[in-house]
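Presented below is the structure to which this report refers.
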Amino acid sequence: MANNIIDVRNISFKYGDANKNAINDLSFSIDEGEWVSIIGKNGSGKTTLINLLDGLIKSNNGDIIVDNLKIDNKNLDNIRDKIGIVFQNPENQFVASTVKEDVAFGLENRQYDISKMHKIVDNALKEVDMLKYKDSNPSKLSGGQQQRVALAGVIAILPKIIILDESTSMLDPKAKKIIINLINKLRIKNKLTVLSITHDMNEIQYSDRVLLLKDGNLIKNISPLKLFNELDDVENYGLEIPFSEKLRLQLKKNGFNIGNNYINDEEIVKWITQYYSKM
């Protein structure tokens, strides 16, 4: 039986003198080891929700439980130790002039023994295939390499939850796929829970579940497959249908028997290959 690592119970939040809530009576739970994507157009409440989960802001009402700890002043430091965040622009996270020093920063803040720190840093960089760059200046690396360093800095502190805050949006498709596959590998190996804020409908196919927000309300709490099949008006939520789904719909419209379910890029290539091999 899966264990809930996050429980959100009827939370609401309003900024200062705003006319309406940024989050409206939101409730959901996330199981340990799940990958959950949080989607919706700008202003839907995604960033506000993440700030609430990390305790950066406090909900006006309701409760948030992270790994059996209620978010409050007493538990806040312990909860933040359980969460690592990878941001959209990794350069904003860099605080040191070398990769190894940057990865060590979170460990230093937690007063790790220096004799253990070097091994932890090397292991984290090895996990993301960046050990050979440990003496490099992180600002001189490519975008994909910078995201790997930022990810190493997060996994070095052994969080239970990783939050990806649009962390692949500035990468080209190839680098994006590499980073997503790497995160998924680390998630499975280390039993991590991943929350991903994204506008990329191709990216959410890696998720176990999707939370769709609109105006602070939870519109869908659903698997990616069901989302693609049920959501006819994705543009109204600031989203775009993935190319593979556009192609499937066009093939179906042209009379091809390709089925009614969403298929990703690899699956549609396989279907086309099999179709033409039978001709």
Side-chain angles (χ1 to χ4, degrees), residues 1-88 106 109-110 154-155 157-167 183 187 190-199 204 206-224 226-227 237-238:
M1 182 176 178
N3 296 317
N4 291 344
I5 194 165
I6 297 175
D7 272 313
V8 175
R9 304 172 182 174
N10 304 107
I11 63 168
S12 296
F13 179 81
K14 185 169 73 170
Y15 289 101
D17 297 327
N19 295 324
K20 61 179 182 178
N21 286 346
I23 295 291
N24 293 305
D25 194 28
L26 214 58
S27 295
F28 61 87
S29 62
I30 294 175
D31 292 336
E32 187 174 15
E34 262 195 306
W35 184 317
V36 176
S37 288
I38 303 172
I39 64 174
K41 63 183 179 181
N42 292 337
S44 62
K46 304 187 301 299
T47 300
T48 300
L49 176 58
I50 293 304
N51 288 339
L52 287 164
L53 292 176
D54 197 39
L56 295 174
I57 55 177
K58 183 179 179 181
S59 61
N60 299 130
N61 56 269
D63 294 316
I64 301 174
I65 314 297
V66 177
D67 198 24
N68 298 314
L69 294 175
K70 179 181 175 181
I71 292 184
D72 56 26
N73 291 334
K74 179 181 70 174
N75 295 323
L76 196 53
D77 287 341
N78 286 335
I79 288 172
R80 286 178 176 164
D81 282 343
K82 298 173 185 290
I83 298 173
I85 302 179
V86 182
F87 294 99
Q88 181 181 43
N109 283 346
R110 289 164 175 78
V154 167
I155 64 175
I157 62 173
L158 296 176
K160 290 192 171 185
I161 301 163
I162 290 181
I163 295 175
L164 308 175
D165 189 359
E166 306 256 16
S167 57
I183 292 169
R187 174 181 72 97
N190 300 301
K191 298 181 180 179
L192 300 172
T193 302
V194 176
L195 302 186
S196 173
I197 297 179
T198 182
H199 286 94
I204 72 168
Y206 296 89
S207 309
D208 298 302
R209 199 150 44 93
V210 179
L211 304 180
L212 173 60
L213 302 182
K214 183 178 182 181
D215 297 328
N217 298 297
L218 183 59
I219 305 299
K220 294 280 187 180
N221 183 348
I222 198 169
S223 72
K226 289 183 178 179
L227 175 73
Y237 298 97

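Computed from a prediction, not measured in an experiment: that's the story for all the values here. Starting from 1, each residue takes its place in the sequence as its number.
Side-chain contact check for I163 versus V86: every heavy-atom pair is 4.5 Å or farther apart. The shortest side-chain heavy-atom distance between S44 and K46 falls under the 4.5 Å cut-off. Looking at K58 and I71, their side chains never come closer than 4.5 Å, going by heavy atoms from C-beta outward. In this structure, the side chains of L195 and I162 stay at 4.5 Å or more apart for every pair of heavy atoms. Within the 4.5 Å cutoff, the side chain of D54 has heavy atoms near those of the I85 side chain. No side-chain heavy atom of N61 sits less than 4.5 Å from a side-chain heavy atom of I11. N42 places none of its side-chain heavy atoms less than 4.5 Å from the side chain of T47. Residues S196 and W35 are in side-chain contact: their nearest non-hydrogen atoms beyond the backbone lie under 4.5 Å apart.
T198 contributes atom OG1, which lies 11.0 Å from atom CD1 of I38 (distance to the nearest 0.5 angstrom). Distance check, rounded to the nearest 0.5 Å: CD1 of I65 to CG of L53 gives 11.5 Å. One distance of note links OG of S29 with CG of N3; it measures 11.5 Å at 0.5 Å rounding. Here the CG atom belonging to L212 is positioned 8.0 Å from the NZ atom belonging to K220, to the nearest 0.5 angstrom. Interatomic distance, R80 CZ to R110 CZ, rounded to the nearest 0.5 Å: 11.0 Å. Atom CG of L52 sits about 9.0 Å away from atom CG of L26, to the nearest 0.5 Å.
Taking both residues in full, the closest heavy atoms of G84 and P159 are given as N-CB, 3.7 Å, listed atom of the first, atom of the second, then distance. Scanning both residues, S167 and L164, for their nearest heavy atoms gives OG-CB, 3.2 Å. P224 and D208 make their closest contact through CD-O, 3.7 Å (heavy atoms, listed as atom of the first residue, atom of the second, distance).
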Exercise for the section: Check the pair D31 / E34 against side chain to side chain contact (heavy atoms under 4.5 Å, CB included), numbers first and verdict last. Expected result: CA-CA 6 Å; D31 292 336; E34 262 195 306; 3.7 Å; yes
Handout entry: Worked verdict on D67 versus K160 for side chain to side chain contact (heavy atoms under 4.5 Å, CB included)
Key = CA-CA 9 Å; D67 198 24; K160 290 192 171 185; 3.0 Å; yes
Practice task
Go through L211 and I39 one step at a time and tell me if the side chain to side chain contact (heavy atoms under 4.5 Å, CB included) criterion holds.
Solution key: CA-CA 6 Å; L211 304 180; I39 64 174; over 6 Å; no
Exercise for the section: Begin with the C-alpha distance, continue with both residues' side-chain angles, and end with the deciding distance and a verdict on side-chain hydrogen bond (donor to acceptor under 3.5 Å, both in side chains) for N78 and N75. Expected result: CA-CA 5 Å; N78 286 335; N75 295 323; 4.9 Å; no
Handout entry: Criterion side chain to side chain contact (heavy atoms under 4.5 Å, CB included) on K14 and N60, from CA distance to verdict
Key = CA-CA 7 Å; K14 185 169 73 170; N60 299 130; 3.9 Å; yes
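At a threshold of 4.0 Å, the pair R9-D63 does not count as salt-bridged, since none of the basic side-chain nitrogens sits closer than that to a carboxylate oxygen. Residues K41 and D215 are not paired through a salt bridge, judged by the lack of any N-O separation under 4.0 Å between the basic side chain and the carboxylate.
N73 CG: 12 or fewer foreign heavy atoms inside a 6.0 Å radius. Counting heavy atoms of neighbouring residues, nucleotides and ligands inside a 6.0 Å radius, atom CG of D77 does not exceed 12 of them.
Checking side-chain atoms of R187 against main-chain N and O of G33 turns up a donor-acceptor pair under 3.5 Å. Side-chain N or O atoms of N4 include none that pairs as donor or acceptor with a backbone N or O of D7 at under 3.5 Å. Within the 3.5 Å criterion, the main-chain N or O of F13 finds no donor-acceptor partner in the side chain of S59. When atom types are taken as modelled, the side chain of S207 and the backbone of V210 share no donor-acceptor pair closer than 3.5 angstrom.
A side-chain donor-acceptor contact under 3.5 Å links T48 and Y15.
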